[in-house]
J.: 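Take a look at this one; I'll ask things after.
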2 protein chains.
Amino acid sequence: MNKKEIQEQRVKGYFITATKDLLKSEGLKSVSVRNIADRAGYSFATLYNYFKDVKDLVFLCVKDFREECREYVDTRTTTVTPGNKRLKAIILAYMEYFIQYPGIFDLFFAEKLSDISGKGDTSTLITSLLEELCAADWDYCIDMRMLTSREAGLKKAALLYGTTGLLTLYLNRRHPGSYDAFFKQATHFIDSQLKS
Amino acid sequence: MNKKEIQEQRVKGYFITATKDLLKSEGLKSVSVRNIADRAGYSFATLYNYFKDVKDLVFLCVKDFREECREYVDTRTTTVTPGNKRLKAIILAYMEYFIQYPGIFDLFFAEKLSDISGKGDTSTLITSLLEELCAADWDYCIDMRMLTSREAGLKKAALLYGTTGLLTLYLNRRHPGSYDAFFKQATHFIDSQLKS
DNA sequence: TTTACATTTTGAACACTGTTCAATATATTT
DNA sequence: AAATATATTGAACAGTGTTCAAAATGTAAA
C-alpha cells in the first residue's frame with residue numbers, strides 16, 4: 001500500500017537521521033544498535049524490522065554524506081578559477097570535510113562492508129566521489145590542451161590514492177603530527193601531482 | 001630478579017605469538033582476549049597480568065611484523081638493480097606483503113591506538129617502514145644526480161600516501177575490483193611517481 | 001461498539017566483547 | 001612443614017549484535 005510505504009520510509013528516516021547524528025557527533029565507535037534506537041525513540045529490536053542489520057543501516061548513510069560533502073565542496077569552490085587552481089581547492093575542501101568528521105571517513109574508507117554481494121555500488125559511491133567533484137575541471141584542462149585524457153586519468157588515480165592515504169595516516173596514525181603539518185603535506189602533494 | 005624477568009618475558013612471548021598467529025590466519029576481527037588466551041594456553045584473565053589491555057598487546061606485534069615485512073621485501077629485492085628499478089620492486093613487494101596479510105594492514109593503518117601518550121613511537125614504527133626500506137635506493141639516486149634531495153622528499157611522501165590509499169581502497173572497498181587491476185594500478189602509480 | 005484479525009513494537013534471552021577482582025593454586029622462603 | 005609471596009583463574013559487570021515470542025497497537029468486519 002501507499003500509506004504503508006510512506007510510514008515505513010518515515011520510520012526508516014528516523015533511524016537514518018539518528019545514525020547520521022551519532023556518527024557526526026560521537027564517531028563510528030559510538031554507533032550501536034541501542035544508541036541509535038534511543039536517539040530515534042524506538043526500542044533496539046524495532047531497528048530489525050526496517051534494516052537487515054546495523055551495517056546495512058550505517059552504510060545507507062553514505063548516500064546522504066556523499067551529498068553533504070558535495071555541497072560542502074561546491075559552496076567553497078564555485079567562485080575559484082577553473083582548471084588547476086580549482087582542482088586544488090576542490091581536493092583540499094574534500095579532505096577538510098573528512099578532517100571535520102573523522103567518523104564519516106571511518107565509514108567511507110575503514111569500516112568493512114558486511115556482505116560483498118549487492119553492496120558493490122556503495123563502494124562505487126564512495127570511490128567515485130572525488131572523481132565526480134573534479135570531473136568538470138579535468139575536462140576543462142583537457143579541452144584547454146593542458147593535459148591529455150591519458151595524463152588526466154593517471155593524475156586522477158594518484159590523487160585519489162594519495163588523499164585517501166594521507167587522511168588515513170593523519171586520522172589514524174597522527175602522521176603528520178599536527179594539522180598545520182598535515183595541511184602543508186596535503187598542499188605539497190596536490191601541487192606535485194597537478195604539476196604537468 | 002633475573003629469573004623472574006626471563007619467565008615474564010617468556011609468558012609475554014606466548015601471548016604475543018598467539019596474537020600474531022591469530023592475526024595472520026583469522027584477521028583482526030578474530031583477535032579477542034579469550035581467543036588469544038586459548039591459543040596461548042592460559043585463562044583470559046592471565047593476559048591482564050602481563051599487558052595493561054588487549055590493544056597494548058596487539059600493538060606490540062607491530063615490531064615483529066615490521067621485521068617480517070622487511071625480510072619479505074629484502075629477500076625478493078636484493079638482486080634487483082639499484083635505483084628506480086629496485087625502488088619499484090621494493091614498493092611492490094611491500095604492498096604484496098599486506099595483500100597477503102590483510103589483518104596486518106588493518107593493524108598497521110586502520111586500528112585506532114588506544115592511548116595517544118607513549119604510543120607515538122608505534123605510529124612512527126609504522127609510517128617509517130616504507131621509507132626505511134627505500135632509503136638506500138633514494139640515496140643512490142641522489143648520489144647519481146638523478147634527483148635532488150628535495151625532489152626525493154616529495155616522491156617519498158607521495159609514494160607513502162599513494163600506497164597506503166591504494167591498499168586501503170583495495171582491501172576495504174574492492175577498488176579496483178580484481179587483483180590484476182589492482183596490480184596494474186599499483187605499477188602505473190609507482191611508475192608515474194618515480195618518473196622524474 | 002465489539003469482536004477478529006493483521007501489523008508494529010518490544011523486552012527477554014543468547015552468544016559474544018573487554019575488563020576487574022577476590023578466591024584459588026602454585027612457588028618460594030622461613 | 002609452615003608461612004608467605006606470586007601466579008593463575010573463573011565469576012561478575014557492562015557493553016556489543018541478533019533473534020523471537022509476547023504484548024501493544026491499528027484495522028477491518030460483524
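In what follows, every chain begins at residue 1, and chains take the letters A, B, ... in the order their sequences are listed.
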J.: Take the protein atom CG of A/N35 and the nucleotide atom P of D/dA14, then report the distance between them rounded to whole Å.
T.: 16 Å

J.: Examine A/F108 and B/L171 and state if one hydrophobic cluster contains both, with Ile, Leu, Val, Met, Phe, Trp and Tyr joined whenever side-chain heavy atoms are less than 4.5 Å apart.
T.: yes

J.: Check whether the side chains of B/R173 and A/T164 place a donor and an acceptor atom closer than 3.5 Å, and report yes or no.
T.: no

J.: Could you tell me how far apart B/L57 (CG) and C/dG18 (C1') are, to the nearest whole angstrom?
T.: 13 Å

J.: Over how many whole Å does the gap from A/D56 atom CG to D/dG17 atom C1' extend?
T.: 14 Å

J.: So if I take every side-chain heavy atom of B/S32 and compare against D/dG17, C/dT19, C/dG18, which nucleotide ends up nearest?
T.: C/dG18

J.: Walk me through it: do A/L125 and A/R66 pass the test side chain to side chain contact (heavy atoms under 4.5 Å, CB included)?
T.: CA-CA 8 Å; A/L125 227 51; A/R66 207 186 111 107; 3.6 Å; yes

J.: Could you tell me whether B/K24 and B/E68 have a side-chain N and a carboxylate O separated by less than 4.0 Å?
T.: yes

J.: Quickly work out the B/K12 NZ to D/dA7 C1' distance and round it to whole Å.
T.: 15 Å

J.: Tell me whether the side-chain N or O atoms of B/R34 pair up with the base of C/dG18 as donor and acceptor below 3.5 Å, since no angle test is needed here.
T.: yes

J.: Take the protein atom NZ of B/K55 and the nucleotide atom P of C/dT17, then report the distance between them rounded to whole Å.
T.: 15 Å

J.: Whole-Å distance between D/dT16 P and A/D53 CG?
T.: 16 Å

J.: Assign the ring pair B/F189 / A/Y161 to parallel, tilted or perpendicular, where the plane angle (0 to 90°) is split at 30° and 60°.
T.: perpendicular

J.: Is the shortest distance from a Lys or Arg side-chain nitrogen in A/D137 or A/K85 to a carboxylate oxygen in the other one below 4.0 Å?
T.: no

J.: Measure OH/A/Y48 against P/D/dA21 and give the value in whole Å, please.
T.: 17 Å

J.: Calculate the interatomic distance between A/K29 atom NZ and D/dG17 atom P; express it in whole Å.
T.: 14 Å

J.: What pairs of nitrogen or oxygen atoms, one from the protein and one from nucleotides 8-11 of chain C, lie under 3.5 Å apart?
T.:
residue, atom, partner, partner atom, Å
C/dT9, OP2, A/Y50, OH, 2.6
C/dT10, OP2, A/S43, N, 3.0
C/dT10, OP2, A/T46, OG1, 3.0

